Amino acid sequence: MLTGDIPPNQTIYIKNLNEKIKKEELKRSLYALFSQYGRILDVVALKTPKLRGQAWVAFSEVTAASNAVRQMQNFPFYDKPMRIQYAKTKSDCVAKAEGSYVPREKKKKQEEKAERKRRTEETQQSTVPNGTSAQNGATAASFRHGNSSSQEASAPNNILFIENLPLETNSMMLELLFRQYPGFKEVRIIEAKPGIAFVEFEDDVQSSMAMQALQGFKITPQNPMAITFAKK
DNA sequence: AGCACA
């Protein structure tokens, strides 16, 4: 029983998170860590007694969630292995995107079931609101998904692999960019292979943050950086 | 262990 019998869901449920991490930092780190698998619609984390140590990450695609469940299973995140499953229910942000969102009023779990049934029986006269959201710019996902020769995303690594750099890029330029992120250690360029570089951080979480922040960064208009984790 | 969105 690895993930239990929970059917695939575009939202993942994460538990065994380090409860000492502040909510905002936790959400940002989760966003950075998981955005390599696809577009993230929302990250939810609460610190209430019942819900601390857990979080939900909603993706725009189920396949992104599936990859995340597999690849990040037991990933040591703030010194604790993440336990990841599919969420049991649909996220509000997803329902909103489909136009099927109904704000919850005070209700108990039993009434929720009844309401869910009622909702599906209703004829779908839901008017989709104005084209909402889709606010964050292009990220890692744009590159990997748009690339026909792309394979599986590499597992998280404290070393980043940078491609599509202008040929004249030197390590000083890259260091200026990457050293603004915590945990930065060093840049390595390969003289024999212009256009690529490796950037090392203290750990995977910090490298992920930098990846998220600088993904697609353009040193020249023709050269959006493509950042992935280096292969181990 | 624990499945929410206020």
Side-chain angles (χ1 to χ4, degrees), chain A residues 1-122 124 126-137 139 141 205 208 212:
Chain A
M1 37 144 92
L2 283 127
T3 55
D5 313 311
I6 304 150
N9 188 310
Q10 72 196 81
T11 301
I12 57 173
Y13 168 71
I14 310 163
K15 61 183 178 181
N16 199 40
L17 293 169
N18 188 328
E19 298 175 10
K20 283 175 280 195
I21 310 304
K22 291 188 296 291
K23 189 170 70 178
E24 280 319 308
E25 175 181 349
L26 181 69
K27 284 168 58 162
R28 280 194 333 200
S29 296
L30 287 170
Y31 187 95
L33 202 56
F34 281 101
S35 57
Q36 48 177 316
Y37 296 102
R39 168 143 275 120
I40 293 176
L41 304 177
D42 197 15
V43 178
V44 173
L46 290 300
K47 294 272 264 182
T48 62
K50 190 176 172 202
L51 291 169
R52 66 202 144 90
Q54 301 153 77
W56 290 260
V57 176
F59 290 97
S60 63
E61 305 286 345
V62 188
T63 53
S66 300
N67 285 327
V69 169
R70 285 187 292 108
Q71 287 251 16
M72 298 299 281
Q73 197 61 258
N74 301 322
F75 175 76
F77 187 59
Y78 295 111
D79 303 318
K80 299 189 69 180
M82 291 199 274
R83 302 277 131 84
I84 313 176
Q85 302 168 350
Y86 293 114
K88 285 183 179 158
T89 58
K90 188 191 293 264
S91 294
D92 283 0
C93 66
V94 172
K96 282 173 184 160
E98 311 176 332
S100 61
Y101 177 68
V102 179
R104 65 190 98 256
E105 49 331 311
K106 307 232 144 215
K107 63 189 164 192
K108 325 194 156 146
K109 282 163 201 166
Q110 305 204 331
E111 304 173 78
E112 269 180 35
K113 271 202 184 125
E115 163 155 354
R116 184 133 356 122
K117 182 175 281 179
R118 218 188 315 133
R119 215 182 293 165
T120 44
E121 282 163 5
E122 264 170 30
Q124 281 148 6
S126 49
T127 322
V128 181
N130 314 343
T132 37
S133 71
Q135 69 272 32
N136 14 354
T139 60
V205 175
S208 297
Q212 166 61 20

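Below, chains carry the letters A, B, ... as their sequence lines are ordered, and counting in each starts from 1. Computed from a predicted model, the values in this text were never measured in an experiment.
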Between [X] and [Y] (side chain of the first, backbone of the second, donor and acceptor by atom type, cut-off under 3.5 Å), is there such a pair?
X	Y	result
A:Gln73	A:Ile84	yes
A:Asn9	A:Thr89	yes
A:Asn18	A:Tyr78	yes

**OP:** Look at A:Lys90 and B:dC5 and indicate whether a side-chain polar atom (N or O) is within less than 4.0 Å of OP1 or OP2.
**Re:** no
May I have the distance from [X] (atom [atom1]) to [N] (atom [atom2]), rounded to whole angstrom?
X	N	atom1	atom2	value
A:Asp92	B:dA6	CG	C1'	10 Å
A:Tyr86	B:dC3	OH	C1'	16 Å
A:Leu51	B:dA1	CG	P	16 Å
A:Trp56	B:dG2	CH2	C1'	9 Å
A:Ile6	B:dG2	CD1	P	10 Å
A:Lys47	B:dC5	NZ	P	16 Å
A:Arg52	B:dC3	CZ	P	14 Å
A:Asn9	B:dA4	CG	P	13 Å

Could you tell me whether A:Leu46 contacts a base, only the sugar-phosphate backbone, or nothing, with contacts defined as non-hydrogen atoms closer than 4.0 Å?
base
Indicate the ring-plane relationship of A:Tyr13 and A:Trp56, choosing parallel, tilted or perpendicular according to the 30° and 60° boundaries. tilted
Note: for A:Gly53 and A:Cys93 on DNA chain B, the residue whose nearest nucleotide lies more 5' is A:Gly53
- Message: What I want to check is whether the side chains of A:Ser66 and A:Tyr86 have a donor and an acceptor closer together than 3.5 Å.
- Response: yes
Hydrogens and angles aside, do A:Lys80 and A:Asn16 bring a side-chain donor and acceptor to less than 3.5 Å of each other? yes
| said: On the side chain of A:Thr48, is there an atom forming a donor-acceptor pair with the base of B:dA4 - under 3.5 Å, no angle test? | reply: no
Salt bridge (charged side-chain N to carboxylate O under 4.0 Å, His left out) pairs touching residues 6-25 of chain A, sequence neighbours excluded, are A:Glu19-A:Arg52
The correct set of residues in residues 14-29 of chain A placing a heavy atom under 4.0 Å from DNA chain B is A:Lys15, A:Asn16, A:Glu19
